[in-house]
> 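Handing you a structure now.
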Amino acid sequence: MDREELKALAQVELDQQQRFRCRILCCMSTPCISSGATAVFEALQDAIKGGQLDAEVEAVATGCMGPCSRGPLVTVKTEGEEDVIYEHVTADLAMDILDKHARKASVPSLDRVVLPRDIPFFSKQVKIVLADSGVVDPERLESYVARGGYTALANALREMTPEEVCEEISKSGIRGRGGAGYPSGLKWHMVRKAPGERKYVVANGDEGDPGAYMDRTLMESDPHRVLEGMAIAGYAVGAEQGYVYVRGEYPLAAKRLEKAIRQAERKGLLGNRILESPFNFRIDIRMGAGAFVCGEETALMQSIMGRRGQPVPRPPYPAHKGLWGGPTLINNVETFGNIAAIIGRGAEWYASYGTEKSKGTKIFALAGKVVNTGLIEVPIGITLREIVYEIGGGIPGNKAFKAAQTGGPSGGCIPADYLDVPIDYESLARLGSIMGSGGLIVMDETSCMPDVAKFFMEFCMDESCGKCGPCRGGTVQMHRILSKITDGCATMDDLKKLEELCLMVKETSLCGLGQTSPNPIYSTLRYFRAEYEAHIKDHHCPAGVCTFPRKGELTFNKVA
Amino acid sequence: MPVVTLTINDKLVSAQSDKTVLEAARDAGFEIPTLCHLEGLTPRGGCRLCLVEVEGVPRLLASCVTQVQEGMVVRTETERLHNYRKMMVELLLAERNHVCAVCVMNGHCELQSLAAKLGVDHVRYDYLCPDLPVDASHERNTRDPNRCILCARCIRVCDEVEGAHCLDMMGRGIHCNIITGMNQEWGKARSCTACGKCVQVCPTGALFKKGSSVAEMEKQREFLIWILDGRDKKVWHWSR
Amino acid sequence: MTTRQNGKVRLATAWFGGCAGCHMSLLDIDERIIDLVKLVEVVYTPIADIKKFPEDVDVTLVEGSVANSDHVREARDIRKKSKIVIAFGDCAVTGNVPALRNRLQVDKILEEVYGGGPGKPPSTEEQYAEVVPVLLSKVIPLHQIIPVDIFLPGCPPDPERIWTALTALLQGGPVALPPEMRSFG
Amino acid sequence: MPEPTPAKKDAAKEKEHPMGDPRYKGIDRVLKRQQYQQDALIEVLTAAQEAFGYLTEESLIYIARQLKLPFSWVYGVATFYHFFSLKPQGEHSAIVCLGTACYVGKAAEIVESLEREFCVKAGQTTSDGKLTVTTTRCLGCCGLAPVVVLDNNVLGKETPETTLAKVRQALGGGNGGNGGTPS
């Protein structure tokens, strides 16, 4: 296939779509499926067939539409009308939807499940990466191509040198979406220039942060976008082999990626001589097997090579010496999700979003004690208040906002005082948190901060690989002290010991997991120290969470 | 091999450019504590005791895996490093049952002497007291995981020098453990050649020769360079 | 160090969960013990028959680990009444050999020790408490119960080590042992 | 390295697979697809776990032989990743998500209630082999928190009561899932 054929393919698909008077899009990503989307989709298909509407109405299985807690979600696109979104759709509503939109009947009972499209949840978002999510059928290449998919790759191959591609990425100002925010352009240039016969491109989809599911959604909802981004990267850095490392918990994402790879290979969009150019690029999927540390790039490479996912000291950096000793470009799945848009619409357009130092948009998984939970894509620089109170619709049950947790176990809690700080890499770091992969958990007054810190420390303790001493032993000891605090048998001396340990583990651990594991303690201590002291001195939990089962015991050891 | 000049603890030092900071520092007479490092084995960078401060680098660097660079300014002994090293040793002592008094390596143990050198006269953290069975099934050697610090010297020597790869690490985090074969009794792991190299490189009493009693086990490591240089360069160092 | 009317430092030694080897090692300072007695008044020690831990002690050497409820009580009492508490030997410093039981469950240990003999084994916690003080589920070092001022590791600390530490202390200086004198084991 | 020889099974079945168990064919398929590359160890282990429900010692030995890897290496990798289990799993499985959103939604109480009701600790299987209770770190269904996966069906917005009821129903309702939607 060449560029002209790609255009033709898109046109055929568009013509096909226009034949339908009414297109009913059903979200078929994991949360909606869990809420019963499969039955809804099947009921719609049956109803279309039963009503002999096959020629006019189409039911499409798409990816995520955003407000996951309101699933199953269905969007109806009717010619000449505004799109309508329905929430909490059940199978028995299938016929009603058809009646209303295909047969133009009046169905007032449907009104109660209409999700208004003008609410801030939708209007405040800017969708670049998720532009096709919830619109295209992730299991059909044509669906993506019809939306302009793979044209960026075609243009890059035809019109740009690899160096120009790297430069365009640099100019866009995009920074790694995995958390640390390393400028992607720099990395691409580095890998491109690194000497090495075989180079590799790796998409990091080992989204281990609890509470984050941007990568899963992207892989499930728009797998071709990730593949296209990787192929462009492969061309730019001179790699012929790519790997998508998919977290083991995401079988559906892996399945859809696998299908997408096969489709793309068949159409000559991956494999040898892509789009009739001399560029060859293969992508393989590697499944994780349940290890958070494999999100760390050196551990991830070990895992791709089939070994224990234990990090190795850097330097050498993967960009110089990665998989099998070859220069390796590792970017987050979400970063790759941005690439086609940057190449397709230009770095300048992309850089018009975001702040001076952080360009573009960021996807957040909004969850916790907030009315609208789900997946949102917002320009970097938006305030936390806008996210929580406008997009998120505030805290349910008239409770007070206490803190927002970003960055998972490597991040921190941002208290109410900083609701108006624009969210970007630097400001979050100043507040003692990190952008992370994009989990954003809202906590209300019923969350106890030492307990939150303990929760994350338990996570880090379980996920420590055991290679370096400070992380292996330090996380256990920090968790023990936090347990003493929430159990009511800690002293102020323990708190001092905890702070010393935090600093030591942060500064001496081998990899990012250990180095950032004290962050949840740091940030909660910074903003909620009084809460810790109340636990220790008064055996009082202001949030009413801790029950102090070992109150007054002077040691960790229960008397028999 | 080109030579670079760097500053270690205010002293100008020159070293071949392929050397690590640890090697350069030791050649210059500075002591940097190590536990997982052993000359002759692939560096691991796991124990973190050899961390040093390098000017202009915000992070602490493990000197065993950091190559020297022209103009590098290194500090190997600062109060911060000393405190961290102390804490690391305390964490190691707390995570297993290191009862020096009844150890075959008492008096010859690297962990014990390092603790004394660093001034660790007590451990501030809770002892974790894991329940780990001793494996005495091997005809010559015994493995006592209670005294293991997971430095993986034994794994590396078994893989890199002996070539048997009988030993490896299982589990993760605090539950890591050294295993022989399919986590089976050492005596039944037929990939073990009973060469005893793992015993000799072990820094503590986790691996020891059968029949040794308290404080009787001493280890010798000259064989490592002997074998490696003999194998690669056909040079056998009698002087060592 | 406060000077008493008799010019002597009030010294106590206590014995918790340990083998008394540290006390033996203290006696092994040989003839120097005469010099020591010139400087100190031993006000409490398991070697002498003194029932109650006295008030106003200057220095207390505590041998042994904290293994049962009596040890906890005594340790707190000692801390209250002593100016300087020394964790004396590895058991007090680390838990050492007595702590080897920490991987076992206390009730299993009691059953093993007291259960199989003649007569009926005690069945409740209270009954056990009549036989022996209640065992802690874990044997712990002294500093996990009370603040400890000086650590004197060694199993036992050899006489030189003890002498160096005590003389430094009695001369009013800080106790700074050289590395070879502060190793465990 | 010839270590313990796996016991020979039923001779008739040997024709199907030299190991005497047709389930090894699933492993062989992946081995072939991956061209017996040592790097594919995790993929092969995944296939073995799918074939047997857990990683039997025999299958680990088989994989080590096929990939020409040391036993300790294979065992080390198998025990590093949480997905692999070296013990047989229960007939039914209840996986409670302990991701942050589920934690904020008090998923710990669901774990406790399951542990109490079925006398198991998280990560264990009941003594009758009926139920395995495990926890996981975020399934990415945070909008539905707290989430429980019962026999591969994702259940959202759970409470201790609802989960217990559904687990009891699954246990009482014979083998397999309860006909819900696949995840």
> Does D/Lys157 use its side chain to pair, donor to acceptor, with the backbone of A/Ser69 at less than 3.5 Å?
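Yes.
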
> So, does D/Tyr103 use its side chain to make a donor-acceptor pair with the main chain of A/Val452 at under 3.5 Å?
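Indeed, once roles are kept as given, a pair shorter than 3.5 Å links the two residues.
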
> Identify the two heavy atoms, one from D/Gly143 and one from A/Tyr213, that lie closest to each other, and give their separation to 0.1 Å.
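Scanning both residues, the minimum pair turns out to be N-OH, 4.1 Å.
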
> Check each atom of A/Arg247 against the heavy atoms of chain D and say whether the ones under 4.5 Å are side chain, backbone, both or neither.
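Side chain only.
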
> Distance from A/Thr446 atom OG1 to D/Lys106 atom NZ, nearest 0.5 Å?
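Reported value, rounded in 0.5 Å steps: 5.0 Å.
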
> Between A/Thr217 and chain D, which part of the residue has a heavy atom less than 4.5 Å away: side chain, backbone, both or neither?
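Answer is neither: A/Thr217 stays 4.5 Å or more from chain D.
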
> I want to check something: taking the side chain as every heavy atom from C-beta on, are D/Val104 and A/Lys369 in contact at a cut-off of under 4.5 Å?
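Yes - at least one pair of side-chain heavy atoms lies under 4.5 Å apart.
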
> Spell out, as yes or no, whether a donor-acceptor pair under 3.5 Å connects the side chain of A/Arg307 to the backbone of D/Val77.
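No, A/Arg307 side chain to D/Val77 backbone: no donor-acceptor pair under 3.5 Å.
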
> Counting only non-hydrogen atoms closer than 4.5 Å, does A/Cys448 touch chain D with its backbone (N, CA, C, O), its side chain (CB onward), both, or neither?
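When you check distances to chain D, only backbone atoms of A/Cys448 fall under 4.5 Å.
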
> Is it the backbone or the side chain of A/Glu463 that comes under 4.5 Å from a heavy atom of chain D, or both, or neither?
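Contact with chain D is through the side chain of A/Glu463 alone.
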
> So for A/Phe456, is it side chain, backbone, both, or neither that comes closer than 4.5 Å to the heavy atoms of chain D?
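Contact with chain D: side chain only.
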
> For the pair D/Leu155 and A/Ser34, evaluate side-chain contact (heavy atoms from CB on, under 4.5 Å) and give the outcome as yes or no after the intermediate values.
CA-CA 6 Å; D/Leu155 314 172; A/Ser34 310; over 6 Å; no

> Taking the side chain as every heavy atom from C-beta outward, state whether A/Asp209 and D/Cys138 have any atom pair closer than 4.5 Å.
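Side-chain contact under 4.5 Å: no.
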
> Which distance, rounded to the nearest 0.5 Å, do you find between the CZ of D/Phe83 and the CE of A/Met287?
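Those atoms lie 6.5 Å apart.
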
> Using 0.5 Å steps for rounding, measure from the CG atom of D/Asp39 to the CG atom of A/Leu323.
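Result: 9.0 Å between the selected atoms.
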
> Among A/Ala365, A/Ser447, A/Gly309, which residue forms the greatest number of heavy-atom pairs with chain D at distances under 4.5 Å?
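So the answer, after comparing A/Ala365, A/Ser447, A/Gly309, is A/Gly309.
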
> Against chain D, label A/Asp451 side chain, backbone, both or neither, depending on which of its atoms sit under 4.5 Å from a heavy atom there.
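The answer is both parts of A/Asp451.
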
> Would D/Phe80 and A/Cys465 count as a side-chain contact (heavy atoms from CB on, under 4.5 Å) if you check the C-alpha gap in whole Å, the side-chain angles of each, and the deciding distance to 0.1 Å?
CA-CA 8 Å; D/Phe80 184 84; A/Cys465 81; 3.8 Å; yes

> Are any of the side-chain heavy atoms of D/Arg137 and A/Asp462 separated by less than 4.5 Å?
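Yes, at least one pair of side-chain atoms sits under 4.5 Å.
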
> Would you call A/Thr30 and D/Leu139 a side-chain contact if the rule is heavy atoms closer than 4.5 Å?
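SC-SC contact between A/Thr30 and D/Leu139 ruled out.
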
> Does any non-hydrogen side-chain atom of A/Glu249 lie less than 4.5 Å from one of D/Thr136?
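The answer is yes; the side chains approach within 4.5 Å.
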
> Just wondering, do A/Thr373 and D/Cys142 contact through their side chains at under 4.5 Å, heavy atoms?
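A side-chain contact is absent here, since even the closest heavy-atom pair is not under 4.5 Å.
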
> Highest number of heavy-atom pairs under 4.5 Å with chain D: which of A/Cys68, A/Gly368, A/Gly248, A/Gly71?
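The answer is A/Gly248.
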
> Using non-hydrogen atoms only, which part of A/Leu366 is less than 4.5 Å away from chain D: side chain, backbone, both, or neither?
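Contact with chain D: none, neither part.
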
> May I ask you to name which of A/Arg216, A/Met214, A/Met443 has the most heavy-atom pairs under 4.5 Å with chain D?
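So the answer, after comparing A/Arg216, A/Met214, A/Met443, is A/Arg216.
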
> Between D/Thr100 (side chain only) and A/Pro210 (backbone N and O only), is there a donor and an acceptor less than 3.5 Å apart?
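It does hold such a pair.
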
